[in-house]
Chemist: 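A single structure is presented below for examination.
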Amino acid sequence: MLPKYLQSSYTRYKDDTNSFATWLLEAATKCGHRPDGLASIPSSLKKGKGKGKSKAKSKNDGANASTEPIQYNATIKELQMLAEVVAKSTLVVPRQILVIAKRAIKLRRQVTSWFLGQGDSEDNKRHEHFISALEKVCETLKWKVSESANQDARKPPPEADYDGDDAELDMFLNRFAVLTVEEPQESELSQYASPESQQIVQVELVENEEEEKDAADAVLAYTLFKTLCLFRDLHNMRAFISQTWSEYRDKKIDLMNAAVVTDGALQLARDLVQEVMDDYDSYGTPSDSLQRVVFNASCMSRGIMPTPSVDIGLPYNRDMADVAEWCYFPTLVLLNSFADVLHQIDLPVFKKGYFGNYDPRANREKMPVGQKFNEDKIILLQLLPEFCIIGYNIQMPASDVLTRGLVEFCKTKTVTPWLCFASQILLDVHHLMRHSHLGAFQDLRMSGLRIQRTIAEYLNLSKSHPQPKFWPKEGDEEIKDLHSTVESCIIEDPIYVVKVNVLPQGHVPEKHALFSQHAILCGVNMFHINMRMQSVGQQLVTQWYDVQQLAFLYNLVKQTPTYAHLSWPDMEAFIKIHGESHIFIGSRPNNASESLNRLELATGISSATKFARDSRNRSDFQRPNGKNSRILEPTTTVANLFCGQYVIGLQKEEEGIKNIDKVLDTLSQESSLEATSKKIQPTNPQNLLQRKWADTHHIGTIQLLALVKSRLFEEEPVILFNYFGMHKRSLELLREIKAKEHHKFVQYFTPDYMPDESFISNIVILVHHVARGSAQNAKGMGMMPKNDGRQITSRIVVSCGDIMQAYLQKNGDVACKELKIFCKNKTPIQEIAKDDGGRSEQFMSWVNFEDVLGPKVIASLMTGVPISSP
């Protein structure tokens with residue numbers, strides 16, 4: 001079931017018609033009309049006066065809340081009678097009431113007119129009669145509509161803009177347009193749009209004018225219309241997913257984003273389909289024939305025989321190709337044909353060229369319908385055997401709902417409408433990527449090589465210092481396991497090994513056949529390894545606390561006039577990701593004394609003056625141990641929601657796109673804070689949607705997917721930030737400071753100031769103490785320039801500035817260069833990184849590739865020859 005805050009088209013349609021009927025009944029009752037179907041009229045529905053009625057209603061809310069509302073079925077004929085009563089009265093009709101009715105009319109007409117065509121079937125007549133009658137009711141009430149007093153301030157969009165999901169299809173080419181004009185303002189309609197909130201009478205609009213003899217036909221018409229609404233929703237999802245992968249193909253968003261959004265859409269689609277299938281089951285109609293019912297009903301309505309067009313290789317009539325594709329009939333045929341060849345013992349083998357040859361360079365848009373179907377047959381039947389092999393207990397790092405569905409299908413041979421839809425999405429993605437269908441696997445492989453190289457550098461670095469007591473062995477085990485996962489499942493091909501052993505002799509399997517044709521699976525596995533890399537990297541930096549301490553030293557050095565313009569783009573990115581208030585416990589400190597106080601709070605340690613030669617307290621120096629320091633927490637709010645699905649491998653109840661309401665609460669609060677903190681707010685559709693959620697707690701399905709996509713786009717640089725590289729360069733920088741100032745540290749803090757290099761980050765605290773001592777001595781000697789909070793610059797701080805400046809000239813923007821290469825969202829990096837001297841981004845990318853990944857990967861990219869290790 002869909003969560004309550006999401007609505008299918010049919011659910012919204014029913015809410016609209018029932019809300020309209022409920023309001024009309026209440027309005028007519030206020031005018032003195034008493035429907036024959038209601039034996040007794042609740043007093044609150046009788047004619048009353050404004051304020052008195054409101055007080056009475058609020059006073060009796062508690063009693064009404066515990067009373068079941070009266071259920072009343074109103075026919076369209078009764079609705080017309082009620083409308084005439086209201087039209088003859090002095091009662092004013094709220095404008096939003098007609099908006100609700102017209103939205104329902106438009107949905108009904110769009111769904112039925114296109115699908116059923118212009119035939120004269122009973123279904124057509126039934127739908128057209130209902131639409132015309134409802135339009136007549138709206139026309140009757142049209143002249144009684146009120147105009148809002150502040151119409152200019154809150155003027156709703158024109159009537160043509162209330163297009164629901166069809167407007168979304170036209171507008172989501174613009175990333176955020178869908179977020180603003182999908183439907184009327186819910187805050188204006190909330191008092192009318194939820195019939196469940198009416199505690200006295202709940203009206204349901206029924207379509208039969210009288211007790212019909214053909215009740216079974218009425219039920220069938222109801223179920224068919226609900227099914228048409230379902231396929232309309234699936235069609236909108238399909239269009240949105242196609243647009244998402246077009247953006248990935250055009251390098252506007254990253255692979256992880258496209259895959260996670262697609263997988264989330266498929267999960268929502270599965271619930272939509274299940275709701276309709278439950279209806280079919282309740283009426284005794286086999287749900288597995290849902291698509292055939294729709295297809296045959298359309299053929300009957302259009303007067304076309306469902307005879308297959310065998311001359312062009314179609315299993316259905318070519319004149320019904322639009323409906324067949326709309327209800328995913330082609331994938332139903334292909335999946336059923338594959339199920340016929342499945343056996344419990346033998347694995348199916350696809351023979352290349354058996355159905356023809358697939359040409360990725362061909363223009364699919366110009367293909368006739370028969371050729372398109374044959375191309376889909378080649379792609380899908382070539383790929384389906386891979387899912388059979390996954391059933392041999394092959395463990396992938398992460399899996400998507402489509403992969404799990406096809407694996408289950410290979411075991412049960414059960415074809416469901418949702419599986420047909422999901423398989424069509426797989427084909428759509430393949431068609432969109434046809435000119436570079438290996439691009440997704442190349443991106444996944446590139447991410448794997450980057451992670452392997454980063455981990456190899458970390459393991460080499462770990463050999464240069466003692467094993468820290470504050471860094472558990474489990475941490476290194478997780479890092480090594482991640483390296484092994486990349487090697488065994490991404491660089492190597494576990495499915496290939498199984499195929500070599502189980503397939504008949506003479507069959508030469510292709511390596512990475514699944515990844516190379518399944519971009520969604522590539523994306524969720526890329527998300528898996530990158531989120532694991534982010535998680536363990538943040539744990540590493542939290543325990544060592546070296547990057548955070550260097551942030552304090554970097555800030556202290558910049559307080560000196562000599563190094564006021566010192567630039568460290570990677571550190572600025574790190575601070576921006578986790579926030580100044582988290583790193584510095586407030587705004588950035590202005591002097592050594594303030595900086596030391598904040599640093600001691602951040603690390604949770606006591607004063608380092610105990611190590612001074614003249615200290616009266618000779619007890620051991622308390623050093624950072626990774627237990628009391630401020631923990632780095634993920635700032636990727638939306639990406640973190642999906643970790644339970646793709647990182648741990650088991651979906652948790654509280655995680656996933658269906659449970660995103662808690663995240664929406666958080667985002668809407670952020671939007672509210674931003675709105676109150678700025679005098680002038682640009683019209684940001686994302687913020688508008690977040691504020692809408694805060695007001696109504698309702699959101700459209702396409703709106704939700706668009707929001708997830710936009711937030712993942714923003715979080716991409718944060719996910720890919722290289723914490724391991726920051727740790728490595730921090731140790732290198734601290735070692736240079738230690739080498740240069742070792743004699744001073746011995747002079748001030750005894751030779752035991754550092755037991756071993758695992759405590760090298762303590763140097764930052766020692767520098768702060770020396771700097772604060774210098775400032776205090778200067779103040780005691782009357783050498784302070786002004787009483788403005790600034791202090792005399794310590795020699796050791798200037799020395800650290802010399803070292804930093806020389807080191808950062810070569811190594812200050814390594815992490816940002818990596819992000820420039822791998823991120824599609826380059827805006828935040830360009831804001832932080834220093835100017836590249838006028839060189840083109842393409843040239844910079846290839847130069848930086850060799851720095852990040854090494855010459856082997858560059859050679860592989862240029863020649864196309866695969867490599868097995870970084």
Chemist: Return the minimal non-hydrogen interatomic distance between Ala258 and Thr244, and the atom names on each side.
Modeler: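 Distance-wise, the nearest heavy atoms are CA-CG2, 3.8 Å.
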Chemist: Check the side chains of Arg711 and Asn257 for a donor-acceptor pair under 3.5 angstrom, ignoring hydrogens and angles.
Modeler: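 There is no such pair (donor and acceptor under 3.5 Å, judged by atom type) between the side chains of Asn257 and Arg711.
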Chemist: For Gln267 and Gln645, run side chain to side chain contact (heavy atoms under 4.5 Å, CB included): C-alpha distance rounded to whole Å, both residues' side-chain angles, the deciding distance at 0.1 Å, then the answer.
Modeler: CA-CA 12 Å; Gln267 293 177 45; Gln645 290 181 249; 2.9 Å; yes
Chemist: Do the non-hydrogen side-chain atoms of Val500 and Pro509 ever get within less than 4.5 Å of each other?
Modeler: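 Yes; the side chains approach each other to less than 4.5 Å.
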Chemist: Between CE of Met256 and CD1 of Ile529, what distance do you get to the nearest 0.5 Å?
Modeler: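 Here the interatomic distance stands at 9.0 Å.
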Chemist: Rounded at 0.5 Å granularity, tell me how far SG in Cys388 sits from CD1 in Ile495.
Modeler: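 With rounding to 0.5 Å, SG (Cys388) is 11.0 Å from CD1 (Ile495).
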Chemist: Compare every heavy atom of Ile575 with every heavy atom of Ala551, then report the nearest pair and how far apart it is.
Modeler: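 In this case the closest contact between Ala551 and Ile575 is CB-CD1, 4.3 Å.
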Chemist: Between Tyr723 and Phe721, does the ring centroid distance fall short of 6.0 Å?
Modeler: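 When the ring centroids of Tyr723 and Phe721 are compared, they turn out to be within the sub-6.0 Å range.
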Chemist: What are the two closest non-hydrogen atoms of Leu734 and Ser761, and how far apart are they?
Modeler: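 Looking at all heavy atoms of both residues, the closest pair is CD1-CA, 3.8 Å.
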Chemist: Taking C-beta and beyond as the side chain, do Asp254 and Leu712 meet within less than 4.5 Å on heavy atoms?
Modeler: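 Side-chain contact under 4.5 Å: no.
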Chemist: Evaluate the side chain to side chain contact (heavy atoms under 4.5 Å, CB included) criterion for residues Thr637 and Leu641: first the C-alpha distance (whole Å), next the side-chain angles of each, then the deciding distance (0.1 Å), finally the verdict.
Modeler: CA-CA 7 Å; Thr637 307; Leu641 177 72; over 6 Å; no
Chemist: Taking the side chain as C-beta and beyond, is there a heavy-atom pair between Phe515 and Arg445 under 4.5 Å?
Modeler: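 The answer is no, as the side chains (C-beta and beyond) never meet within the 4.5 Å cut-off.
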Chemist: Tell me, do Ile455 and Leu459 make a side-chain contact under 4.5 Å, heavy atoms counted?
Modeler: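 Sidechains of Leu459 and Ile455: in contact.
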Chemist: At what distance, to the nearest 0.5 angstrom, does OG of Ser581 lie from CD1 of Ile585?
Modeler: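 Between atom OG of Ser581 and atom CD1 of Ile585 there are 10.0 Å.
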Chemist: Side chains of Asp443 and Tyr248: donor-acceptor distance under 3.5 Å anywhere?
Modeler: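 Yes, Tyr248 and Asp443 have a side-chain donor paired with an acceptor closer than 3.5 Å.
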Chemist: Heavy atoms, side chains only, cut-off 4.5 Å: are Ile253 and Asn825 in contact?
Modeler: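 Not in contact.
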Chemist: If you define the side chain from C-beta out and look only at heavy atoms, does anything of Ile719 sit under 4.5 Å from Met531?
Modeler: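 Of all side-chain heavy-atom pairs linking Met531 with Ile719, at least one is under 4.5 Å.
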Chemist: With a 3.5 Å distance limit and no angle check, can you tell me whether Arg434 reaches the backbone of Pro360 through a side-chain donor-acceptor pair?
Modeler: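 Yes.
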Chemist: Looking at NZ of Lys824 and CG of Leu819, how far apart are the two atoms once the value is rounded to the nearest 0.5 Å?
Modeler: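 So the NZ of Lys824 and the CG of Leu819 are separated by 12.0 Å.
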Chemist: Between Glu715 and Ala639 (side chain of the first, backbone of the second, donor and acceptor by atom type, cut-off under 3.5 Å), is there such a pair?
Modeler: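 Yes: the side chain of Glu715 pairs with the backbone of Ala639.
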Chemist: Just one of Gln539, Arg532, His483, Lys473 clears the side-chain hydrogen bond (donor to acceptor under 3.5 Å, both in side chains) bar with Glu478, so which one?
Modeler: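 Among Gln539, Arg532, His483, Lys473, the one meeting side-chain hydrogen bond (donor to acceptor under 3.5 Å, both in side chains) with Glu478 is Arg532.
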Chemist: Above 12 or not: heavy atoms from other molecules or residues under 6.0 Å from NZ of Lys511?
Modeler: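 No.
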Chemist: Could you check whether Trp245 and Thr262, counting side-chain N and O atoms only, form a donor-acceptor pair closer than 3.5 Å?
Modeler: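 The criterion, which ignores hydrogens and geometry beyond distance, is satisfied for Trp245 and Thr262.
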Chemist: Strictly distance-based, threshold 3.5 Å: is any side-chain N or O of Asn640 a donor or acceptor partner for the main-chain N or O of Thr636?
Modeler: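 No: the side chain of Asn640 does not pair with the backbone of Thr636.
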Chemist: State yes or no: are the ring centers of His465 and Phe759 separated by less than 6.0 Å?
Modeler: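 Between Phe759 and His465, which both carry aromatic rings, the centre distance is not below 6.0 Å.
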Chemist: Backbone N or O of Lys252 within a donor-acceptor pair of the Asp250 side chain at under 3.5 Å?
Modeler: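 No; judged by distance alone, with no hydrogens or angles, the pair does not exist.
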Chemist: In sequence, state the C-alpha distance, the side-chain angles, and the governing distance for Ser464 and Arg735, and then conclude on side-chain hydrogen bond (donor to acceptor under 3.5 Å, both in side chains).
Modeler: CA-CA 11 Å; Ser464 66; Arg735 284 173 176 173; 2.9 Å; yes
Chemist: Side chains of Leu540 and Tyr458, heavy atoms from C-beta outward: is any pair under 4.5 Å?
Modeler: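 The answer is yes; the side chains approach within 4.5 Å.
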Chemist: Is any side-chain heavy atom of Leu449 closer than 4.5 Å to one of Gln452?
Modeler: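 Counting from C-beta outward, Gln452 and Leu449 do come under 4.5 Å.
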Chemist: How many angstroms lie between atom CD of Glu736 and atom CD1 of Ile763, to the nearest 0.5 angstrom?
Modeler: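 The CD1 atom of Ile763 is 11.5 Å from CD of Glu736, to the nearest 0.5 Å.
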Chemist: Are Asp263 and Tyr646 close enough, and set up right, to give a side-chain hydrogen bond (donor to acceptor under 3.5 Å, both in side chains), and what steps lead you there?
Modeler: CA-CA 11 Å; Asp263 196 37; Tyr646 306 121; 2.4 Å; yes
Chemist: Salt bridge (Lys or Arg N to Asp or Glu O under 4.0 Å) for Glu732 and Lys728? Distances and angles first, verdict last.
Modeler: CA-CA 6 Å; Glu732 291 174 350; Lys728 174 178 177 289; 2.8 Å; yes
Chemist: Check the pair Lys709 / Glu247 against salt bridge (Lys or Arg N to Asp or Glu O under 4.0 Å), numbers first and verdict last.
Modeler: CA-CA 11 Å; Lys709 181 167 65 174; Glu247 292 174 3; 3.3 Å; yes
Chemist: Do the side chain of Asp546 and the main chain of Ser730 share a donor and acceptor less than 3.5 angstrom apart?
Modeler: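 Not a single qualifying donor-acceptor pair exists.
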Chemist: Closest approach of Ala602 and Tyr545, non-hydrogen atoms and distance?
Modeler: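 Shortest heavy-atom separation between Ala602 and Tyr545 comes out as CB-OH, 3.3 Å.
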Chemist: Dump the intermediate steps for salt bridge (Lys or Arg N to Asp or Glu O under 4.0 Å) on Arg453 and Glu457, then the final yes or no.
Modeler: CA-CA 6 Å; Arg453 181 181 176 90; Glu457 290 179 350; 3.8 Å; yes
Chemist: Which distance, rounded to the nearest 0.5 Å, do you find between the CE of Met396 and the CD1 of Ile490?
Modeler: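 Going from CE on Met396 over to CD1 on Ile490, the span is 8.0 Å.
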Chemist: Output, in order, the C-alpha distance, side-chain angles, deciding distance and verdict of salt bridge (Lys or Arg N to Asp or Glu O under 4.0 Å) for Arg588 and Glu572.
Modeler: CA-CA 12 Å; Arg588 301 194 185 200; Glu572 294 293 347; 2.9 Å; yes
Chemist: Grab the two heavy atoms, one from Ala398 and one from His528, that are nearest each other, plus how far apart they are.
Modeler: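 Result for this residue pair: CB-CB, 3.8 Å.
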Chemist: Mind checking whether His578 and Phe574 have ring centres under 6.0 Å apart?
Modeler: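 So the answer is yes for these two rings.
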Chemist: Tell me whether Thr485 contacts the main-chain N or O of Asp481 through its side chain, where contact means a donor paired with an acceptor under 3.5 Å.
Modeler: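 Yes; judged by distance alone, with no hydrogens or angles, the pair exists.
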Chemist: Check whether Glu510 reaches the backbone of Leu514 with its side chain - one donor and one acceptor, N or O, closer than 3.5 Å.
Modeler: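 No, because the side chain of Glu510 does not come within donor-acceptor range (under 3.5 Å) of the backbone of Leu514.
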Chemist: After noting the C-alpha distance and the side-chain angles of Thr403 and His518, does the key distance pass the side-chain hydrogen bond (donor to acceptor under 3.5 Å, both in side chains) rule?
Modeler: CA-CA 9 Å; Thr403 299; His518 194 348; 2.9 Å; yes
Chemist: Decide whether Trp568 and Asp813 meet the rule of one side-chain donor and one side-chain acceptor closer than 3.5 Å.
Modeler: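 Short answer, no.
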Chemist: Between His582 (side chain only) and Ile631 (backbone N and O only), is there a donor and an acceptor less than 3.5 Å apart?
Modeler: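 Indeed, once roles are kept as given, a pair shorter than 3.5 Å links the two residues.
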Chemist: Walk me through it: do Asn530 and Gln534 pass the test side-chain hydrogen bond (donor to acceptor under 3.5 Å, both in side chains)?
Modeler: CA-CA 6 Å; Asn530 282 323; Gln534 181 203 51; over 6 Å; no
Chemist: Any donor-acceptor pair under 3.5 Å linking the side-chain atoms of Asn722 with those of Glu818?
Modeler: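 Per modelled atom types, Glu818 and Asn722 side chains form a pair under 3.5 Å.
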Chemist: Salt bridge or not for Lys499 and Glu386, using N-O below 4.0 Å?
Modeler: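 Looking at Glu386 together with Lys499, the answer is yes, because their closest N to O distance falls below 4.0 Å.
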Chemist: In chain order, what residues pass the salt bridge (Lys or Arg N to Asp or Glu O under 4.0 Å) check against Arg729, with sequence neighbours excluded?
Modeler: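 With neighbours one apart ignored, the set is Asp570.
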Chemist: Which atom names give the shortest non-hydrogen contact between Ile491 and His512, and what distance separates them?
Modeler: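 Closest pair (atom of Ile491, atom of His512, distance): O-NE2, 3.2 Å.
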